Amino acid sequence: MKVAIVTGASRGLGRATAFALAKEGYALALCARFEFSDVLEELNSTGATTMMRMFDVRRYDSVQWFVEDVMSVYGRIDVLVNNAGHATPRTDLESLRRSDIRQIVNTNLFGTTWLLMKVLPIMKAQGSGTIVNIGSKAGRYPSPGAAMYSASKAAVHALTQAVAREVRDTKIRVVTVSPGPMNTEMRQTTDGDAAQQQSPEFVAQVITSIVTLGYPSYIGGLPVWLKGPIPNGADVLVWKNEVRVFPMEELR
């Protein structure tokens, strides 16, 4: 049985990705800062194999404990979906509180980094693995009022590309999936227009197809700009229910 870690799994894209991977038969190791026993109960009712832990990915020691716990339960990690993220309502940079800046960077960049640092040695020892770091359209096309969020997601893109180059001689794949706006609670909090955006279930389907097939494939006849295995380090933009893959070489 293959094992997938999904961070930020209590709601939104993380929750949708957990259910999509469970449908494909993955055993799940889920985490979130908030209580999410309802997600566990619903997954268990479908017959999914699931463990869940509550902690903050910003804390390196908690991430270390969690990864060790996953290994003690399952003995392997095949997939890591670094989804946990934080955003604030739109505001000019000079009006942003320092505590908000720290929370954005510590969650979006450092939380992703801590998971990578702890999971990569395990995948190297196994000889395989897939890592999907959740970036954002904002990391590619920064927007006013979201300067620090855009900067943190751009850093995730750079982190992905650097790590992909570090593991290029292994069977570990590291890619970024960069959703445009989604119909999630976070989007409603920051912009108030969530209902008009693409569904997190659609983005989760793209993520799951990358994990299981190696390329984005989905039902509905919408365009796929690259058919075939996604190159290591690529950025997969999912925007307005369409998918475009930017290989790392195009990002230079």
Side-chain angles (χ1 to χ4, degrees), residues 6-8 12-14 16-17 20-21 79-85 87 104-105 108-109 111-113 115-116 120 123 129-144 146-182 184 187 197-252:
V6 182
T7 68
L13 180 58
T17 301
L21 288 170
V79 174
L80 167 62
V81 181
N82 260 321
N83 168 75
I104 290 168
V105 175
N108 298 351
L109 178 57
T112 296
T113 302
L115 265 298
L116 283 170
L120 276 168
M123 290 184 172
T130 300
I131 296 171
V132 178
N133 295 325
I134 303 302
S136 172
K137 172 180 169 286
R140 175 177 289 277
Y141 307 106
S143 57
M148 286 311 305
Y149 180 79
S150 297
S152 70
K153 290 301 188 177
V156 169
H157 296 170
L159 176 66
T160 300
Q161 293 167 44
V163 173
R165 288 187 169 97
E166 291 176 3
V167 300
R168 66 171 57 200
D169 295 327
T170 73
K171 292 184 178 180
I172 300 171
R173 289 186 302 147
V174 190
V175 301
T176 307
V177 170
S178 298
M182 292 181 289
T184 62
R187 177 71 185 191
Q197 310 304 331
Q198 64 187 349
S199 73
E201 287 76 19
F202 176 81
V203 181
Q205 189 176 4
V206 173
I207 293 169
T208 303
S209 65
I210 291 170
V211 168
T212 57
L213 301 175
Y215 58 87
S217 177
Y218 44 85
I219 299 170
L222 296 171
V224 176
W225 293 72
L226 174 70
K227 187 71 172 180
I230 291 179
N232 225 356
D235 181 26
V236 182
L237 179 66
V238 188
W239 185 23
K240 296 182 179 179
N241 293 325
E242 295 185 3
V243 179
R244 185 172 181 183
V245 179
F246 294 88
M248 184 159 51
E249 289 71 19
E250 292 185 10
L251 300 173
R252 290 180 179 175

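Excluded from the calculations below are hydrogen atoms, water molecules and symmetry mates; all remaining heavy atoms, backbone and side chain alike, are included. Keep in mind that what you see is a predicted model, and the values were worked out from it rather than measured.
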Applying the side chain to side chain contact (heavy atoms under 4.5 Å, CB included) criterion to V175, which one of V211, V245, I230 satisfies it? I230
So which atom in P200 and which in A16 form the shortest heavy-atom distance, rounded to 0.1 Å? O-CB, 3.8 Å
Side chain to side chain donor-acceptor pair (under 3.5 Å) partners for T113, two or more places apart: none
Between T160 and D235, is any pair of side-chain heavy atoms under 4.5 Å apart? no
Testing the basics here: between T176 and V156, what is the closest heavy-atom pair and its distance to 0.1 Å? OG1-O, 4.4 Å
Give the minimum heavy-atom separation between K240 and Q198, together with the two atoms involved. N-OE1, 3.4 Å
Of all residues at least two apart in sequence or in a different chain, which pass the side chain to side chain donor-acceptor pair (under 3.5 Å) check with S143? R90
Between CE of M123 and OG1 of T170, what distance do you get to the nearest 0.5 Å? 10.0 Å
Under 3.5 Å: donor-acceptor pair, side chain of S209, backbone of V206: yes
May I ask you to decide if A147's main-chain N or O and S150's side chain share a donor-acceptor pair within less than 3.5 Å? no
Using every non-hydrogen atom in the two residues, find where W239 and G180 come nearest and quote the distance to one decimal. CD1-CA, 4.1 Å
Between N232 and V174, is there a donor-acceptor pair closer than 3.5 Å when you use the side chain of the first and the backbone of the second? yes
Check G8 against A84 and note the closest heavy-atom contact, atom names and distance. N-CB, 3.8 Å
Which residues pass the side chain to side chain donor-acceptor pair (under 3.5 Å) test with N83, not counting sequence neighbours? none
How far does CG of N108 sit from CG of L159, to the nearest 0.5 angstrom? 12.0 Å
How far does CG of N133 sit from CG of N82, to the nearest 0.5 angstrom? 5.0 Å
Calculate, to the nearest 0.5 Å, the distance between atoms CG and CG belonging to L116 and L80 respectively. 6.0 Å
Nearest 0.5 Å, please: how far is CD1 in I104 from NZ in K153? 10.5 Å
From S178 OG over to R140 CZ, what is the distance, rounded to the nearest 0.5 angstrom? 7.0 Å
A204 versus L13, closest heavy-atom pair with distance: N-CD1, 3.8 Å
Student check: side-chain heavy atoms of I134 and I207 closer than 4.5 Å: yes
